[in-house]
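Accompanying notes for the structure given below.
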There are 2 protein chains.
Amino acid sequence: MAYQSESLIAQAREIREASGVSQRALSERAGLTQSHISQIESGKMEPGLSSFIDLTRALDLEVMLVPKKLVPAVLSLVKARATRDMHIHAGQPNDKRFARAERLVKKMKHLYGSSADLDRIEDTLRFLRRFNISDQEMQLVRALIARLERYQASAQAAPVVRDIAQNLQQLRNSIVHAAPSEPRPAYSLDDGDADADA
Amino acid sequence: MAYQSESLIAQAREIREASGVSQRALSERAGLTQSHISQIESGKMEPGLSSFIDLTRALDLEVMLVPKKLVPAVLSLVKARATRDMHIHAGQPNDKRFARAERLVKKMKHLYGSSADLDRIEDTLRFLRRFNISDQEMQLVRALIARLERYQASAQAAPVVRDIAQNLQQLRNSIVHAAPSEPRPAYSLDDGDADADA
DNA sequence: TCGAACGATACACTATTCTATATCGCATAG
DNA sequence: CTATGCGATATAGAATAGTGTATCGTTCGA
């Protein structure tokens with residue numbers, strides 16, 4: 001099925017395997033379930049565009065639109081470097097946290113209905129996830145996520161959710177402002193703290 | 001919604017509009033319905049991966065996976081090409097074609113008398129020539145010019161000419177409509193228009 | 001031989017895509 | 001004023017994506 005996407009998916013799979021990432025590991029980083037990934041990779045299911053993007057992003061890839069004429073050029077460019085370049089930092093607790101948080105939000109939307117604030121949180125999480133954020137910033141994010149988890153089922157969740165949304169938004173804004181167009185210099189490779197919180 | 005895919009979809013839309021392809025036309029080529037395309041473009045719906053691929057293929061684009069590190073490189077490659085294509089370079093084939101087409105129209109007016117349609121064609125050609133148009137748009141223009149050349153002396157020229165005038169007009173409209181706030185490079189670059197008549 | 005991690009699969013259920021068709025308001029050309 | 005083409009929108013139904021959870025067979029290392 002889905003003849004068009006086959007090659008892209010196969011590509012993604014190859015890269016995943018070449019990077020030594022298991023479906024389960026990827027599923028956490030991408031925010032999908034392992035079973036989902038399995039079915040996508042084996043062609044039993046066709047992913048939505050954003051699922052696919054989530055997948056590829058978790059593999060350090062970008063989905064790009066390229067004019068047909070330029071495909072060979074881009075291809076040669078990519079291939080030249082791709083073979084030895086693909087290495088993924090194995091454990092990235094931050095990513096895990098984000099994935100977890102995103103799933104939490106998704107679940108909340110399910111259970112209690114969508115809301116502007118939840119949408120905003122979701123978007124902002126996705127945004128922040130793409131950036132290499134500093135430890136300090138991540139601490140804030142972690143605190144906010146923890147708070148969200150704590151209050152998810154409470155009766156007064158609404159104002160809390162709103163507050164969290166606002167905080168995340170502010171963080172995002174500050175980052176955007178600080179980084180006009182430049183790629184951030186990749187900090188955050190340290191993060192010595194084990195990932196054991198709930 | 002779907003923060004990740006937004007930019008890709010926006011890109012596709014820009015390209016569609018820049019190419020003067022309507023949603024309806026695209027829907028036929030891509031095998032989706034117009035309403036579907038509308039909802040995707042306006043963010044009201046998230047396309048499946050293969051729908052998106054269908055869309056982009058119909059726009060002469062390829063969806064590619066690029067390692068994050070190479071994104072800037074690829075981007076510059078694509079952009080360079082795009083701007084080069086959109087740039088009016090004196091002595092480029094595009095300009096030649098326009099010059100030729102304008103001469104042809106002038107000749108026709110001479111021989112067969114002026115007409116509203118011919119006037120419109122002339123007008124539109126002048127407009128388009130001054131504008132930076134993409135490859136795809138130019139292909140359409142070329143096709144239309146070729147048709148004009150073919151039918152210039154035929155007995156049933158009139159309806160053909162009218163049709164061509166209409167097509168050009170539409171192209172023009174779509175371009176104007178598509179670029180409300182967009183920083184198109186170099187309008188006033190060459191109002192002097194030294195005109196490479198090589 | 002045991003156990004852990006891998007990928008594949010099943011199943012029940014929900015949410016969403018996608019089609020098909022029709023209409024709307026709007027701009028523009030005849 | 002009428003016709004046409006544009007994009008946005010509505011609605012109903014069929015198809016399928018996606019979740020959550022659980023299991024299976026296999027491979028591999030201890």
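Just so it is clear, the model here is predicted, and its values are computed rather than measured. Just the heavy atoms: all of them, side chains too, but no hydrogens, waters or symmetry mates, feed the values below. We name chains A, B, ... by the order of the sequence lines, and we start the count at 1 in each one.
The interatomic distance linking B:E28 (CD) with D:dG7 (P) rounds to 13 Å, in whole Å. What separates CZ of B:F52 from P of D:dA17 is a distance of 18 Å, to the nearest Å. Atom CD1 in A:I37 sits roughly 11 Å away from atom C1' in C:dG7 (whole-Å rounding). Atoms CG (A:L26) and C1' (C:dC6) sit 14 Å apart, rounded to a whole Å. Between B:I121 atom CD1 and C:dA29 atom P the separation is 14 Å, expressed in whole Å. Look at CD1 on B:I9: it is 13 Å from C1' on C:dT17, rounded to the nearest Å.
The side-chain hydrogen bond (donor to acceptor under 3.5 Å, both in side chains) check on A:D117 picks up A:R120, A:R162, with sequence neighbours excluded.
Contact detail for B:Q23 and B:I37: the closest heavy-atom pair is O-CD1, 3.7 Å. Taking each heavy atom of B:L65 and A:Q11 in turn, the nearest pair found is CB-NE2, 3.8 Å.
An end-to-end axis angle of 40° holds for the helix from C:dT1-D:dA30 to C:dG30-D:dC1, taken from five base pairs per end and rounded to 10°.
In this structure, a donor-acceptor pair under 3.5 Å is absent between the side chains of B:T56 and B:E62.
Side chain of A:E46 to backbone of B:S50: a donor-acceptor contact under 3.5 angstrom is found. Distance alone, capped at 3.5 Å, places no donor-acceptor pair between the A:R24 side chain and the A:Q34 backbone.
In this structure, B:K44 does not reach the D:dA8 phosphate: none of its side-chain N or O atoms is under 4.0 Å from OP1 or OP2. Between C:dC6 and A:S22, a contact under 4.0 Å exists linking OP1 or OP2 to a side-chain N or O. Listed pair B:R16 / D:dG7 meets the phosphate criterion, a side-chain N or O lying under 4.0 Å from OP1 or OP2.
Side-chain atoms of B:I15 and B:V21, non-hydrogen and from C-beta on, never get closer than 4.5 Å to each other.
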For nucleotides 18-24 of chain C, give me every protein contact, N/O to N/O, under 3.5 Å, one pair per line with atom names.
residue: C:dC18; atom: OP1; partner: B:G48; partner atom: N; Å: 2.9
residue: C:dC18; atom: OP1; partner: B:S51; partner atom: OG; Å: 2.9
residue: C:dC18; atom: OP2; partner: B:H36; partner atom: NE2; Å: 3.2
residue: C:dC18; atom: OP2; partner: B:G48; partner atom: N; Å: 2.9
residue: C:dT19; atom: OP1; partner: B:G31; partner atom: O; Å: 3.4
residue: C:dT19; atom: OP2; partner: B:H36; partner atom: ND1; Å: 2.7

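Side chain of B:R13, nearest nucleotide from D:dG7, D:dT9, C:dG7: D:dG7.
Linking ILVMFWY side-chain heavy atoms closer than 4.5 Å, directly or via other members, places A:M45 and A:F52 in two distinct hydrophobic clusters. Taken together through direct or relayed side-chain contacts under 4.5 Å among Ile, Leu, Val, Met, Phe, Trp and Tyr, A:V63 and A:L32 form part of one hydrophobic cluster.
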